[in-house]
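Structure first, then comments.
Bear in mind the structure is a predicted one, so any value in this text is a computation, not a measurement. Only heavy atoms go into these numbers, but all of them, side chains included; no hydrogens, no water, no symmetry mates. When a residue number appears, it is its place in the shown sequence, counting from 1.
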Amino acid sequence: SIATEGKEGIVKGEAFAATGSHLSWKAGDKVTVKWTQDGEEKSLEIEPTETTPTKMSFAAVEDFDDIPDDTELTFEFELSGESVEAVTGFVEA
């Protein structure tokens with residue numbers, strides 16, 4: 001799952017984390033956030049601030065402020081040659 005601590009999604013302007021398994025970060029890994037806005041596919045690469053095998057933490061993403069609140073976000077994790085996606089959205093603080 002991907003959410004701000006204690007929430008069911010991401011709160012704009014706050015840190016958030018992905019939880020699961022095999023989330024350790026290595027050179028060459030990347031996390032891409034994808035969404036559709038005004039009919040256009042958009043994406044943004046972000047890097048974690050901290051990782052463990054079961055949790056990947058991220059600082060607040062300033063670019064999220066310009067995305068409508070009802071937008072679905074798809075996180076694509078490319079870690080150690082494996083790729084997995086997770087979907088979340090924004091929630092109120």
Side-chain angles (χ1 to χ4, degrees):
S1 72
I2 302 172
T4 299
E5 188 172 335
K7 301 291 182 179
E8 295 292 321
I10 295 173
V11 175
K12 289 181 180 181
E14 294 188 20
F16 59 96
T19 55
S21 58
H22 309 293
L23 291 176
S24 296
W25 184 266
K26 297 177 181 67
D29 289 348
K30 70 179 184 175
V31 177
T32 305
V33 185
K34 299 178 180 182
W35 70 96
T36 301
Q37 187 173 346
D38 299 325
E40 181 181 340
E41 298 279 326
K42 300 197 175 203
S43 67
L44 173 70
E45 281 192 32
I46 60 173
E47 287 194 16
T49 56
E50 185 179 342
T51 65
T52 69
T54 58
K55 184 176 181 182
M56 188 174 285
S57 300
F58 298 90
V61 177
E62 190 174 306
D63 290 338
F64 285 175
D65 292 343
D66 297 328
I67 302 173
D69 290 344
D70 61 348
T71 302
E72 182 177 271
L73 305 173
T74 300
F75 285 73
E76 183 178 273
F77 296 84
E78 293 182 33
L79 307 172
S80 300
E82 299 292 323
S83 182
V84 65
E85 289 186 352
V87 177
T88 194
F90 297 114
V91 296
E92 294 292 319

Is the NZ atom of K55 crowded by more than 12 outside heavy atoms at less than 6.0 Å? no

Under the side-chain contact (heavy atoms from CB on, under 4.5 Å) rule, what do T51 and L23 come out as? Steps first, then yes or no, please. CA-CA 7 Å; T51 65; L23 291 176; 5.8 Å; no

Counting distance only, does the side-chain N/O of T49 pair as donor-acceptor with the main-chain N or O of S57 below 3.5 Å? yes

To the nearest 0.5 Å, how far apart are CG in L44 and CZ in F64? 6.5 Å

Heavy-atom closest contact (I2 atom, A18 atom, distance): CG1-CB, 3.9 Å

Looking only at non-hydrogen atoms, find the nearest pair between K12 and P68 and report the distance. NZ-C, 4.0 Å

Could you see if V87 belongs to whatever hydrophobic cluster contains V61? Use Ile, Leu, Val, Met, Phe, Trp, Tyr and a side-chain cutoff under 4.5 Å. no

Measure the shortest side-chain to side-chain distance between S24 and P53 over non-hydrogen atoms and say whether it is less than 4.5 angstrom. yes

Spatial distance of atom CG (L73) from atom CD1 (I67) [nearest 0.5 Å]: 5.5 Å

Pairing residues for E45 by the side chain to side chain contact (heavy atoms under 4.5 Å, CB included) criterion, not counting sequence neighbours: K30, T32

So, taking the atom named CE in M56 and the one named CD in E47, what distance separates them when rounded to the nearest 0.5 Å? 10.0 Å

Kindly write out the residues that satisfy ring pair (Phe, Tyr, Trp, His ring centres under 6.0 Å) with F77, not counting sequence neighbours, or none if the list is empty. none

T54 OG1 to H22 NE2 distance, which is reported to the nearest 0.5 Å: 11.0 Å

Linking Ile, Leu, Val, Met, Phe, Trp and Tyr by side-chain heavy atoms under 4.5 Å, what else ends up with V11? V91

Nearest non-hydrogen partners of A93 and E14, listed with the distance: CB-OE2, 4.1 Å

So, do D29 and L79 sit near enough that their side-chain heavy atoms are less than 4.5 Å apart? yes

Holding to side-chain hydrogen bond (donor to acceptor under 3.5 Å, both in side chains), I want the full list of residues that pass it with T71, two or more places apart in sequence or in another chain. none

Go through the structure and list residues passing side-chain hydrogen bond (donor to acceptor under 3.5 Å, both in side chains) with E41, not counting sequence neighbours. T36

E78 side, atom CD; S83 side, atom OG - distance, nearest 0.5 Å: 5.0 Å

Which pair of heavy atoms, one from F75 and one from V31, lies closest together, and at what distance? CD2-CG1, 4.1 Å

Taking only residues at least two apart or on different chains, which pairs with a member in residues 27-63 satisfy ring pair (Phe, Tyr, Trp, His ring centres under 6.0 Å)? F16-F58

